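All ligand and atom numbering here is 1-based and tracks the order in the structure. As the structure is a computational prediction, the values presented were derived from the model and not from experiment.
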Amino acid sequence: MKHEICKIADIPQTGSLIAPFFGREVHVYRCGERIRAAANVCLHFGGPLDCKDGRLVCQWHGAAFDMASGDRLDGPAPKNSRLMFLSTRVENGALNYVWGE
Ligand code: FES
């Protein structure tokens, strides 16, 4: 099954697009040729993330995550925590969340 997240044309070359996702939000961004979609949720206490200098940084207590790998780089989120990436597929000019395939 699939659910459209956004149009590919709407994803900026740098930074991220925040797209609605079933009542929540995802950061959608380009990593080289790849497009990634990460839940806008910090792995500390769930705060919202800002896209800053190639990192996603939590507004609440400053945890920082690498946008490519999802790894925690800094701050109070657990040392081995990672961003929650969605499984996606590009189809007909759109990025889709896919599951159950
Ligand atoms: S909720 Fe993100 S650093 Fe605390």
Side-chain angles (χ1 to χ4, degrees):
M1 295 199 281
K2 67 179 182 179
H3 171 79
E4 183 175 314
I5 299 172
C6 66
K7 300 295 184 195
I8 299 300
D10 293 337
I11 304 170
Q13 291 302 318
T14 59
S16 73
L17 167 76
I18 295 181
F21 185 73
F22 296 109
R24 300 195 177 195
E25 294 177 336
V26 290
H27 279 272
V28 181
Y29 51 91
R30 300 174 187 273
C31 282
E33 296 299 304
R34 194 168 180 195
I35 294 170
R36 305 221 70 168
N40 187 13
V41 175
C42 176
L43 279 297
H44 182 221
F45 282 133
L49 305 167
D50 288 329
C51 179
K52 284 186 188 166
D53 304 324
R55 299 169 155 205
L56 289 181
V57 180
C58 182
Q59 295 176 14
W60 289 359
H61 318 106
F65 300 89
D66 183 272
M67 291 175 70
S69 67
D71 293 339
R72 170 206 171 269
L73 299 171
D74 203 3
K79 281 198 181 347
N80 294 324
S81 60
R82 305 179 65 226
L83 295 172
M84 291 182 278
F85 290 115
L86 306 183
S87 54
T88 59
R89 185 172 63 227
V90 175
E91 220 172 71
N92 300 324
L95 184 71
N96 295 282
Y97 167 54
V98 292
W99 73 99
E101 296 185 351

For this session: Given side-chain contact (heavy atoms from CB on, under 4.5 Å), test Asn96 with Ile5 step by step and report yes or no.
Result: CA-CA 5 Å; Asn96 295 282; Ile5 299 172; over 6 Å; no
Between side-chain atoms of residues 36-59 and protein atoms elsewhere (two or more places apart, or another chain), which donor-acceptor pairs fall under 3.5 Å?
residue: Arg36; atom: NH1; partner: Ala68; partner atom: O; Å: 2.6
residue: Asn40; atom: OD1; partner: His27; partner atom: NE2; Å: 3.3
residue: Asn40; atom: OD1; partner: Leu49; partner atom: N; Å: 2.7
residue: Asn40; atom: ND2; partner: Glu25; partner atom: OE1; Å: 2.8
residue: His44; atom: ND1; partner: His61; partner atom: ND1; Å: 3.1
residue: Asp50; atom: OD1; partner: Gln59; partner atom: NE2; Å: 2.8

Exercise. Of all residues at least two apart in sequence or in a different chain, which pass the side chain to side chain donor-acceptor pair (under 3.5 Å) check with Gln13?
Worked result: none
Exercise. List-wise, which protein N, O or S atoms are found short of 2.8 Å from atom 2 (Fe) of ligand 1?
Worked result: Cys42 SG, Cys58 SG
Problem set entry | For the student: nearest non-hydrogen atoms of Gly70 and Phe65, plus distance | O-CD2, 3.8 Å
For this session: Could you tell me whether the side chain of Leu17 reaches within less than 4.5 Å of the side chain of Arg30, counting heavy atoms only?
Result: no
For this session: Only pairs at least two apart or in different chains count here, so list each ring pair (Phe, Tyr, Trp, His ring centres under 6.0 Å) that has a residue in residues 76-101.
Result: Phe21-Tyr97, Tyr97-Trp99
